[in-house]
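Have a look at the structure below before the remarks.
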Amino acid sequence: MASKYPEYKQLNLPHFTKEVMEKWENDDTFKQSISIREGAKPYVFFEGPPSANGLPGIHHVMGRAIKDIFCRYKTLKGYQVNRKAGWDTHGLPVELGVEKELGITKEDIGKKITVEEYNIACRKAVMRYTDVWNNLTKQMGYWVDMSDPYVTYENKYIESVWWLLKQLHNQNMLYKGYTIQPYSPKAGTGLSTHELNQPGTYRDVKDTTIVAQFKISTASRERFEKLATEGTVEPNAFLLAWTTTPWTLPSNTALTVGPKIDYVLVNTRNKYTDEAQTVVMAEALMAKHLPVKKGVEFEVIGKCKGTDLLELTYEQLLPWATPMEDTDKAFRVIPGAFVTTEDGTGIVHTAPTFGADDALVARDAGVPPMLVDDGQGNGVPLVDLQGRFIENVGPVGGKYVKNEYYVDVAAPDKSVDVEIAIMLKEQGLAFNVEKYEHSYPHCWRTDKPILYYPLDSWFVKATAAKERMTALNNTINWKPESTGTGRFGNWLENVNDWNLSRSRFWGIPIPIWRTEDGTESICIGSVEELKTACEASVAAGLMETNPLADFTPTDMSEENYNTFDLHKPYADKIVLVSSNGEPMVREADLIDVLFDSGSMPYAQWHYPFENKEKIDNNEAFPADFIAEGVDQTRGWFYTLHAIGTMCFDSVAYKNVVSNGLVLDKNGQKMSKRLGNAVDPFKTLEKYGPDATRWYMITNAQPWDNLKFDEDGITEVQRKFFGTLYNTYNFFALYANIDNFSFNEELIPLQDRPELDQWIWSRLHSLIANVDDAYAHFEPTRAGRLIQEFTVDELSNWYVRLSRRRFWKGDYNADKISAYQTLYTCLETIAILSSPIAPFFTDKLFGDLNSITKRSTLDSVHLVDFPASDSAIIQEDLEERMSIAQKVSSMVLSLRKKERIRVRQPLQKIMVPILDTTFEDRLKKVEALILSELNVKELEYLHDTGVLVKQIKPNFKALGPRFGKQMKLVAAAVSAMTQEQIAELEQQGKASIDLEGFPTDILLTDVEISSQDIPGWLVASEGGISVALDITISESLREEGIAREMVNRIQNLRKDSGLEVTDRISLRIKRNEAVENAVQNNFEYICQETLAGKLELVDMMENGHAIEVDESVSTEISIETMN
RNA sequence: AGUCCUGUAGCUCAGUUGGUUAGAGCGCUACACUGAUAAUGUAGAGGUCAGCAGUUCAAAUCUGCUCAGGACUACCA
């Protein structure tokens, strides 16, 4: 006996998954899918490295499904797609995890635990969940090479990163500067955003706030007076600015205004000195500062915009220090977009050394920060790292800026803030002083208020590459486009220099060594270079031994690269020697981990020390495709792009898909805290990866957020996979009976029945559309198209209408055509769907191929993507099948209304024919319609005047022509009589009346459809009408009864457990109602039920009572015949 | 605060270059069908296309504003 297509009792996706997973493992199918394309054009994919110190979530299934889909698709399209896995191993989350685990804080590192021990713990912790991750990768069917991943903490990787940094250094793109960062003077450390976001950091405190008066300088006086159009400026004129941190006033170097904000010049009196003065503030805030209710007297003497105030200069408020550079550019009014009229005066006191915004606007305007010479030529701010004013800053020198910082010594009665307030009041430079409650961040460890303080950092001069980054970005294909042009494009437009420095322990050290005075520095770009530099240092007596003594340059073996460690603390122990013999020590910071991951295109290959050709010859760079969450826009997407642009003058990727978030079914973000996080392993186990992936991909576009609802997976499982599986099972059932194994020649297209030609046509349209969707990175469209085809066209139309062809008759050309057609559809669907649902489709493909051996390859993932043959696509055919579907749907609806079941044959339907094209089309599908509807004949009703027609204006044609008269035209057209419509049809044009003006309209200006056939049961839809003859003659009635009986007999066969092919002997109890029906349809009944013998009997024992309808019932019995 | 995304039926989503009855699936109700049967068909109920204004003969679609949800970035003088 020939082998059979496997048939299944039920659809169990997780079970199939296991089977396929084992097969992949045994055959190493993934490796094959790459090796089979050896020599083919490469398709370059970059894997964004996950951090293995956290557990994967359901959103990782989403992100990785997208990556997997396109890699599999491109493999099917004939490309070789290498996929190297990677791990992101450095960074704050790792360190915080380790700190928590060891029960220590950042301060304890180097004290309670050595840096060395700490880093060993990090190295261990970071790879803790690799097994879990690898398992997820396997369970969800994500194909990526996990055997040789790149790991960012490995020396080779670090060496490549150093090399990249050196390229930037050589281009003068690395510099040391400062940024304003949250800083805790008591802890002596900068605070990360993460630390600032700890609960309890922001607390309400009452601070002394001052609205200070900055006197307009003599030089600007004349210009200022011109703004006072409605009065005279007093001798004392001031700009008002509010501050909650008076201790920063000595560091003021500018005032910032909003260019578009309205300001007023007001004459009033100083509250503390009662002197007459002119002050400037935002008009919107006047009521707040000059409350009329309280009897404050004032007079508005002029109004202006912020732009009018720009470049006015003022006298320094507290002249206790002078900026060491560009003094002449200080104490000016500058513009700032961040200025609002919600608080303060609309004029912002700007101290570039103690405010992040301040530093930015000041830099843009060329205003110097208040940095003074420390005696060695270095600029330092007025406040030191302990939070204390340096000496010689007027009366506040040596004092802490906040009383909270005094620990050993008692705090003075008056804080610096209060002292300054009093001083300003006395000098008539305070407009108002009051206590104000606001929320201010505190150090979560020391409980003391934090300072915003300028801290040294290393920067990449990204601003210098702005133009080039933008230009290159314009060549990248973003999905969705808006992320690229909008979010990413705007980010590039406003790009800031990239702060590389991180004051942590576990990461890649900055490879820069400097002399103490900073006059000489060296950036190390390779281990070899470092080794040579160490040798020089040892020779100069600065180090005793060379820590890289065991390293052999040019030896790329793992052993050689394991003879040292580039991390802290080892890197810090290296002291190099400068050109004049001075020691150079390493800059203390580590680099931003985002630089690690942005370096992966090169570092994953240890470029340029190994695999140089991969990058230089564009074999593995730039990527053709990457995908990651939209949250990586300013993360990985940016760092890849920045490094690619700056080091290689190239894009790092050509196509990028940024996917949205996975939310819970209520649209809430998933979190462990809320307990609404979905366990990916449980989901995959319960529903299988195919249904899970299919659901995620087809439910929403990848870039839209996905509301993850398990019911959706159930639906997909039933709807798509259930239908596909049913269709396969149906095929297998009959193909096994007929031993169909695709041995026959493919029946020529034109010899196949209409229905087969139609589904072939649809299939090839599908191939073209799905190919297009995948090619444009739209997996959602691809999946939906496949699903619609499978469910609506293949299953619910093709198979439904073809059922009889499979079970009736001999193994003839018609039957073979049906098998070939259905087989091809199933096989094609398997291939088209395989990128999204890799397991089930492989099973399906394998089951089909196991009998036919049409493909020599034994996995769907190794074959070629089918080609769409435009010769097979017949639009006219698709059009007429659509007519058949419409007619069928209408007639079924009529039957329903009249309560005539489909099994009751009817005599005829009539369809009005409006044009010959329609008639031709209808004729070709007549047989299909009749059999589907169980009707004997179809009459073509040519226009004889009996039809009632409906006319509708064609707005698209008429609109542009008639414009404003459109409404009139529409009304006139709708009002046309049957005679007028007939005239239009015959003459090709007709005249309508437009408020007395006759106007011609053409046939193309309207849509005419028949609506009614008087005296008949009629349905209309989309311009087609159908009339149904519902008279049931005696013979029709008998036939109907016969059909009902066949149905009952079939049920009985099935209930009795008979095989589809078993022949039976059939007996029916005679009675008046069934006698004629059986006699007159004798052959029919025998054929349908495979009855070799049929008797009408008077008496029956053990018969099964059956009811045909309300009035007809009898008994039947069957037994098997041999 | 800025940038970007989203808002269409109870739920999940379609809706081409603006064109006049806004669609599908699920769910619900009713009826039917039955050798694919944990399937299927037909019908019904269900919409202020988030809101307001504008452009236009015509707006779910284009423009502006507002509201709600989300993401990122920056900050809070």
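Numbered from 1 within each chain, the chains take letters A, B, ... in sequence-line order.
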Kindly say whether, by distance alone, the side chain of A:Thr209 makes a donor-acceptor pair under 3.5 Å with the base of B:A77?
no
Check your understanding: Taking only N and O in the side chain of A:Asn705, is any of them less than 4.0 Å away from OP1 or OP2 of B:G70?
Key -> no
Assign A:Arg800 to base, sugar-phosphate, or nothing according to its heavy-atom contacts below 4.0 angstrom with the strands shown.
base
- [ ] Could you check whether A:Ala241 gets within reach of a base, just the sugar-phosphate, or nothing at all, counting any heavy atom under 4.0 Å?
- [x] nothing
Just N and O in the side chain of A:Ser482: are any of them under 4.0 Å from OP1 or OP2 of B:C4?
no
Practice item. Ignoring backbone atoms, establish whether A:Lys719 has a side-chain N or O less than 4.0 Å from OP1 or OP2 of B:C26. Key: yes
- Message: With a 4.0 Å cutoff (strictly under), does any side-chain N or O of A:Tyr452 reach OP1 or OP2 of B:C76?
- Response: yes
Mate of B:U63 across any strand shown (Watson-Crick or G-U wobble, both atom pairs under 3.5 Å) is B:A53
A:Phe488 atom CZ is separated from B:A71 atom C1', nearest whole Å, by 16 Å
Whole-Å distance, A:Phe730 CZ to B:U37 P, equals 10 Å
Original post:
Which part of the nucleic acid, if any, lies within contact of A:Arg784, taking any heavy atom under 4.0 Å across all strands shown: a base, the sugar-phosphate backbone alone, or nothing?
Top reply: sugar-phosphate
Once you apply a heavy-atom cut-off of 4.0 Å, does A:Leu733 come out as touching a base, just sugar-phosphate, or nothing? nothing
Does A:Asn796 make a side-chain N or O approach to OP1 or OP2 of B:G41 shorter than 4.0 Å?
yes
Report which part of the nucleic acid A:Gln717 touches: base, sugar-phosphate, or nothing (heavy-atom distance under 4.0 Å, all strands). nothing
By the Watson-Crick or G-U definition, both distances under 3.5 Å, B:G47 is matched with none
Taken to the nearest whole Å, CD1/A:Ile697 to P/B:C13 is 13 Å
Just to be sure I understand the rule, does A:Asn729 reach a base, reach only the sugar-phosphate, or reach nothing, if contact means heavy atoms closer than 4.0 Å? nothing
Paired to B:A71 by Watson-Crick or G-U wobble criteria (both distances under 3.5 Å) is B:U3
Whole-Å distance, A:Lys956 NZ to B:G18 P, equals 9 Å
In whole angstroms, the gap separating C1' of B:A32 from CG of A:Leu933 amounts to 15 Å
* Asked: So what does A:Tyr638 hit on the nucleic acid, given a heavy-atom distance under 4.0 Å: a base, only sugar-phosphate, or nothing?
  -> nothing
A:Asp792 CG to B:U40 P, in whole Å, measures 10 Å
Applying the 3.5 Å cut-off to both distances, the Watson-Crick or G-U partner of B:G41 turns out to be B:C31
If you compare every side-chain N and O of A:Arg487 against the phosphate oxygens of B:C72 (OP1, OP2), does one of them come in below 4.0 Å? no
query: So what does A:Asn954 hit on the nucleic acid, given a heavy-atom distance under 4.0 Å: a base, only sugar-phosphate, or nothing?
result: nothing
Only one of A:Asp358, A:Val333, A:Thr350 passes side-chain contact (heavy atoms from CB on, under 4.5 Å) with A:Thr256, and that residue is A:Thr350
